[in-house]
Amino acid sequence: MTQALFVVNAGSSSIKFKIYGVAAQDHEHEDLDLIMGGQVDGIGSEPRLKVKDQAGAVLVDDKFPVEQLSTLSQAQTVIADWVTPRIKGFVIIGIGHRVVHGGSVYSKPVLVDDEVMHTLESFIPLAPLHQLGNLDPIRILRERRPDLPQVACFDTAFHHGHPELSDRFALPRELYEEGVRRYGFHGLSYEYVHGKMEQIDPGVAQGRLIIAHLGSGASICCLFGGRSIETTMGFTALDGLPMGTRSGTLDPGVVLHLIEQKGMKPEEVGNMLYKQSGLLGLSGISNDVRELLASDRQEANMAIDFFCQRVAQSMASLAVTINGLDGLVFTAGIGENAPEVRRRVIKHLNWSGLFIDDMANEARLPGPQGMRIEGAHSRVPIYVIPTDEEKMIGLHTLRLLRLLKKH
Ligand code: AMP
């Protein structure tokens with residue numbers, strides 16, 4: 001029977017999953033074939049299961065009453081009940097999970113056992129919203145399928161080993177020792193996109209590279225020699241760029257003002273910074289770039305302008321860290337699908353010799369190998385490369401399971 005891997009990417013109100021077929025165990029070929037992928041989202045509000053096959057055809061798109069699907073555990077059951085009879089021809093060899101925080105401990109994926117689980121739980125205070133949602137499915141699946149190895153892959157791992165200057169805040173030293181550092185996130189996406197760059201242009205991939213992951217969460221990373229050197233997200237996924245609903249970098253005095261002068265409770269401030277700010281807060285209209293671009297209201301346009309200026313500023317500042325630039329990549333929901341955002345970002349960088357080719361930029365969506373959008377006189381190439389965090393998790397899981405089998 002064909003072997004398969006199950007990949008789980010759980011958030012606070014959604015679980016995405018993908019199932020990949022795996023080449024034979026002794027095979028050196030390290031690639032995965034998508035069998036199907038889907039998600040349960042709207043958990044606790046408007047729950048919905050949607051699954052597509054490898055060609056993108058919809059296999060199921062069902063809504064559920066909220067009473068039936070209000071927890072991650074129930075979502076996991078819905079997925080398992082739907083998937084199990086449909087993968088009878090495959091033998092699942094392991095499960096890979098996205099885990100947002102590996103703390104200062106994990107610099108690469110790890111096989112989950114009781115001790116690892118305990119360590120991962122100790123990181124919950126570092127990313128309360130995300131880490132809990134990531135660990136729940138691991139716990140549930142360990143109970144249901146104790147026979148299956150589970151691998152945790154971290155969003156922070158790719159940034160492990162940052163130079164000290166990228167890793168610190170200008171705060172008292174003891175806080176750094178306690179773990180108040182700039183961990184960085186979206187590492188699985190950066191690793192995947194960098195891997196693609198290695199195939200597309202190995203010279204640029206090894207040079208001074210900036211990758212902009214612009215999705216509902218957004219960050220930018222600069223790399224040299226294929227390693228992350230600095231990134232805009234720091235201690236939490238709030239830092240750096242303004243996002244769909246997250247504020248991004250903020251004068252810390254604003255937080256003090258909200259608590260001391262306006263009497264807001266820390267959880268109210270947290271809720272505002274994570275859920276009511278960013279593009280939604282700026283525009284008062286939507287967190288979705290599609291809606292903002294389609295709107296003719298001035299606030300919508302201003303929110304997009306604000307976002308693009310911050311993206312360009314961050315790119316310029318990261319170029320300082322790596323002493324220049326050999327290539328630039330846009331990825332994730334906005335980076336891949338919003339030519340207007342790319343156009344406005346690069347316009348801010350014309351002074352530095354970066355130019356876009358309008359025709360190439362407006363062209364159809366990039367294929368899996370990406371597309372180039374720089375103008376003829378641009379000093380460096382500009383790419384659009386689709387990211388695939390689940391595939392990166394799948395590849396990590398497969399590599400680790402094969403390594404463990406060898407030893
Ligand atoms: P992600 O988190 O990477 O899935 O990105 C999701 C975000 O990408 C959405 O909230 C939208 O703002 C944005 N997005 C997706 N498709 C488009 C599109 N066709 N045009 C503009 N923005 C898009």
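Counting starts at 1 for both ligands and their atoms, in listed order.
Close approach to Ile334 involves these atoms of ligand 1, each under 4.0 Å from a residue heavy atom: 8 (O), 12 (O), 13 (C). Shown in contact with Gly215 at under 4.0 Å from a heavy atom are these atoms of ligand 1, numbered in order with element: 1 (P), 2 (O), 3 (O), 5 (O). The distance from ligand 1 to the heavy atoms of Ala338 drops below 4.0 Å at these ligand atoms: 21 (C). Close contacts of ligand 1 with Val289, meaning ligand atoms under 4.0 Å from a residue heavy atom, involve 11 (C), 12 (O), 21 (C), 22 (N). Of all the atoms in ligand 1, the ones that sit under 4.0 Å from a non-hydrogen atom of Ser216 are 1 (P), 2 (O), 5 (O), 6 (C), 7 (C).
Checking only distances, Gly217 never comes within under 3.5 Å of ligand 1, N or O to N or O. Considering backbone and side-chain atoms alike, Gly333 places an N or O below 3.5 Å from some N or O of ligand 1. For Asn287, no nitrogen or oxygen atom sits less than 3.5 Å from a nitrogen or oxygen atom of ligand 1, counting backbone and side chain alike.
Distance check for atom 1 (P) of ligand 1: a protein heavy atom is found below 4.0 Å.
Looking only at distances, no side-chain donor or acceptor of Glu268 sits under 3.5 Å from a matching main-chain atom of Met264.
The protein heavy atom nearest to atom 9 (C) of ligand 1 is Arg290 NH2, 3.8 Å. Summary of contacts: the protein heavy atom closest to atom 19 (N) of ligand 1 is Asn337 CB, 3.5 Å. Of all protein heavy atoms, the one lying nearest to atom 11 (C) of ligand 1 is Asp288 OD1, 3.3 Å.
Between Phe169 and Phe235, the ring planes are perpendicular. Angles over 60° get that label, and only those under 30° would be called parallel. Taking the six-membered ring where the residue is Trp, His101 and Phe123 present tilted rings, their angle falling between 30° and 60°.
Evaluated for a side-chain hydrogen bond (donor to acceptor under 3.5 Å, both in side chains) with Ser189, the options Thr387, Thr331, Asp388 yield exactly one hit, Thr387.
Heavy atoms only, all atoms of each residue included: Gly226 and Phe158 are closest at O-CZ, 3.8 Å. Here the closest heavy-atom approach between residue Arg342 and residue Asn337 is recorded as NH1-N, 4.1 Å. Of all non-hydrogen atoms in Asp326 and Pro381, the two that sit nearest each other are O-CD, 3.2 Å. The minimum heavy-atom distance linking Leu120 with Gln131 is given by the pair O-NE2, 3.2 Å.
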